[in-house]
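One structure below.
Below, chains carry the letters A, B, ... as their sequence lines are ordered, and counting in each starts from 1. Note that the structure is predicted; figures quoted are calculated from it, not measured. Computation of the quantities below employed the complete heavy-atom set of this structure, encompassing side-chain atoms and omitting hydrogens, waters and symmetry-equivalent molecules.
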There are 2 protein chains.
Amino acid sequence: MRRETKQREAILELLRNTRSHPTADQIYDDVRVDIPNISKGTVYRNLQVLENDGAITVIGINGARSRYEVKQKGHYHFRCEKCGCVIDLEESADKKIDKKIATRTGFTVSHHQTEFYGLCKNCR
Amino acid sequence: MRRETKQREAILELLRNTRSHPTADQIYDDVRVDIPNISKGTVYRNLQVLENDGAITVIGINGARSRYEVKQKGHYHFRCEKCGCVIDLEESADKKIDKKIATRTGFTVSHHQTEFYGLCKNCR
DNA sequence: TTAGGTGCAAAACCTTTGCCATCCC
DNA sequence: GGGATGGCAAAGGTTTTGCACCTAA
């Protein structure tokens, strides 16, 4: 059974209150302000738990590090190739295309992720 | 100036002859059959060189490790959440959406990657 | 009470790098 | 010859794990 711990609550609360798509390390640093002796292991374990529970989403692992955000309506991300920042796009995910791919391939398609690459306003 | 070495050729040749989107480690194992004493450092260095030269593409928005393929027309990928396989989709990348995002955000958008998730034929 | 959670530290992984020998042009 | 490469091994950085001790329910 799943318990409610202050560590897990703190991580989830942090993600609820940011749009910065922090890395595990940034989350660790932030949470440590309130819970100084929290360990990285706990951060990673809880991020996994929260993902399994569907409370948060993991985005982008390509060479960069994983970043996290609270689960929200399907949307896309932009990743700056210079500074590495990740920004939510208003463009919302098109669920129809999942069905289209499923029909064509015979696979079960649950969702898709799209990431746009280029330079953000500050870096261009 | 760029030289032609058997190590780099072997890696590129391997990627040209597969559709399996191998990881760096799988590439290392495969190339080692012909060049037994090739080192992983060389594999990684050459994968970077080849990517910089535009000969290959690194893929995976949300994969555990990076996977590689030879450069080809823009297309999307499907990643099985059970067995981890990566499969090319016929659906081709829509360049228009890059421009659309660029206009809306004011960012410079060079390209995008889309990955579909679910279960492949063998795993469903 | 007790199964799930936490801290800590070590281990596991993947990727990059320094150094020097080697090879291609 | 001389700069680009390669091999080897060590270093780096991120994430996972084992274990003994807690703690929420």
Side-chain angles (χ1 to χ4, degrees), chain A residues 1-15 20-69 79 81 83-86, chain B residues 1-15 20-69 79 81 84 86:
Chain A
M1 211 197 67
R2 192 121 293 162
R3 275 191 218 159
E4 200 167 283
T5 66
K6 63 177 179 182
Q7 288 87 345
R8 184 141 61 224
E9 286 306 300
I11 292 169
L12 187 50
E13 203 49 32
L14 185 158
L15 287 174
S20 67
H21 309 86
T23 61
D25 210 56
Q26 293 167 334
I27 292 170
Y28 171 64
D29 280 342
D30 270 2
V31 172
R32 211 156 31 138
V33 173
D34 289 323
I35 310 176
N37 66 330
I38 192 174
S39 72
K40 268 196 192 172
T42 296
V43 171
Y44 277 105
R45 269 186 296 237
N46 276 318
L47 287 171
Q48 274 187 186
V49 166
L50 290 169
E51 194 198 356
N52 287 340
D53 290 356
I56 66 174
T57 305
V58 188
I59 51 179
I61 301 190
N62 207 12
R65 323 185 236 173
S66 301
R67 287 164 172 269
Y68 303 84
E69 69 179 8
R79 189 182 295 256
E81 293 178 311
C83 72
C85 70
V86 175
Chain B
M1 212 197 67
R2 193 120 292 162
R3 279 190 212 157
E4 199 167 284
T5 66
K6 63 177 179 182
Q7 289 86 346
R8 185 140 59 225
E9 286 306 302
I11 292 170
L12 187 52
E13 203 48 33
L14 185 157
L15 287 173
S20 67
H21 308 88
T23 61
D25 210 56
Q26 292 167 335
I27 292 170
Y28 171 63
D29 280 343
D30 270 2
V31 172
R32 211 156 30 138
V33 173
D34 289 322
I35 310 176
N37 65 331
I38 192 173
S39 72
K40 268 195 192 172
T42 296
V43 171
Y44 277 106
R45 265 186 298 237
N46 277 318
L47 287 171
Q48 275 186 186
V49 166
L50 290 169
E51 194 198 355
N52 288 340
D53 290 355
I56 65 172
T57 305
V58 188
I59 55 176
I61 295 180
N62 225 347
R65 321 184 216 172
S66 301
R67 284 164 172 269
Y68 305 83
E69 68 179 7
R79 189 181 295 257
E81 293 178 311
V86 174

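- Distance CD (A/E9) to C1' (D/dT23): 15 Å, rounded to an integer number of Å.
- Sorted by first and then second residue, the salt bridge (Lys or Arg N to Asp or Glu O under 4.0 Å) pairs involving residues 38-55 of chain B (not counting sequence neighbours) are B/R2-B/D53, B/D25-B/K40.
- In terms of phosphate contacts, B/Y44 brings a side-chain nitrogen or oxygen within less than 4.0 Å of OP1 or OP2 of C/dT15.
- Between B/H21 and B/I59, the shortest heavy-atom distance links the atoms CD2-CD1, 3.3 Å.
- Note: CG (A/D25) to P (D/dG12) measures 16 Å, nearest angstrom.
- Rounded to whole Å, the distance from CG on B/N52 to P on D/dA4 is 15 Å.
- Rounded to whole Å, atom C1' of C/dG7 lies 13 Å from atom CZ of A/R32.
- Distance, B/L47 CG to C/dT16 P: 9 Å, rounded to whole Å.
- With sequence neighbours excluded, no residue forms a side chain to side chain donor-acceptor pair (under 3.5 Å) with B/D34.
- With rounding to whole Å, B/D53 atom CG is found 13 Å from D/dA4 atom C1'.
- For the helix from C/dT1-D/dA25 to C/dC25-D/dG1, the angle separating the two terminal helix axes comes to 40°, with each axis derived from five pairs and the value rounded to 10°.
- Nearest approach of A/I27 to A/L14, heavy atoms of both residues: O-CD1, 4.1 Å.
- B/Q7 has no side-chain polar atom (N or O) that falls below the 4.0 Å cut-off from OP1 or OP2 of D/dT5.
- Residue B/N46 is classed as a sugar-phosphate contact, given heavy-atom separations below 4.0 Å to backbone atoms only.
- In terms of the side chain to side chain donor-acceptor pair (under 3.5 Å) criterion, A/T5 has no residue partners (sequence neighbours excluded).
- The distance from the CZ atom of A/R8 to the CZ atom of A/R3 is 9.5 Å, given to the nearest 0.5 Å.
- Remark: B/R32 pairs with B/D29 by the side chain to side chain donor-acceptor pair (under 3.5 Å) rule, at least two apart or across chains.
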| request: Would you give a per-nucleotide map of nucleotides 19-25 of chain C, 5' to 3', where B means the base has a protein non-hydrogen atom under 4.0 Å away, S means only the sugar-phosphate does, and - means neither? | output: ----BBS
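- By the side chain to side chain contact (heavy atoms under 4.5 Å, CB included) test, B/E81 is found to be paired with A/S110, A/H111, B/Y117, residues two or more places apart in sequence or in another chain being considered.
- For residues 34-42 of chain B, proximity to DNA chain C is found at B/G41, defined as any non-hydrogen atom under 4.0 angstrom from a strand atom.
- For B/S39, the side chain to side chain donor-acceptor pair (under 3.5 Å) partners at least two apart in sequence or on another chain are B/T42.
- With sequence neighbours excluded, the residues forming a side chain to side chain contact (heavy atoms under 4.5 Å, CB included) with B/E13 are B/R16, B/N17, listed by chain and number.
- Rounding to the nearest 0.5 angstrom, the gap separating the CG atom in A/L47 from the CG atom in A/L12 is 10.0 Å.
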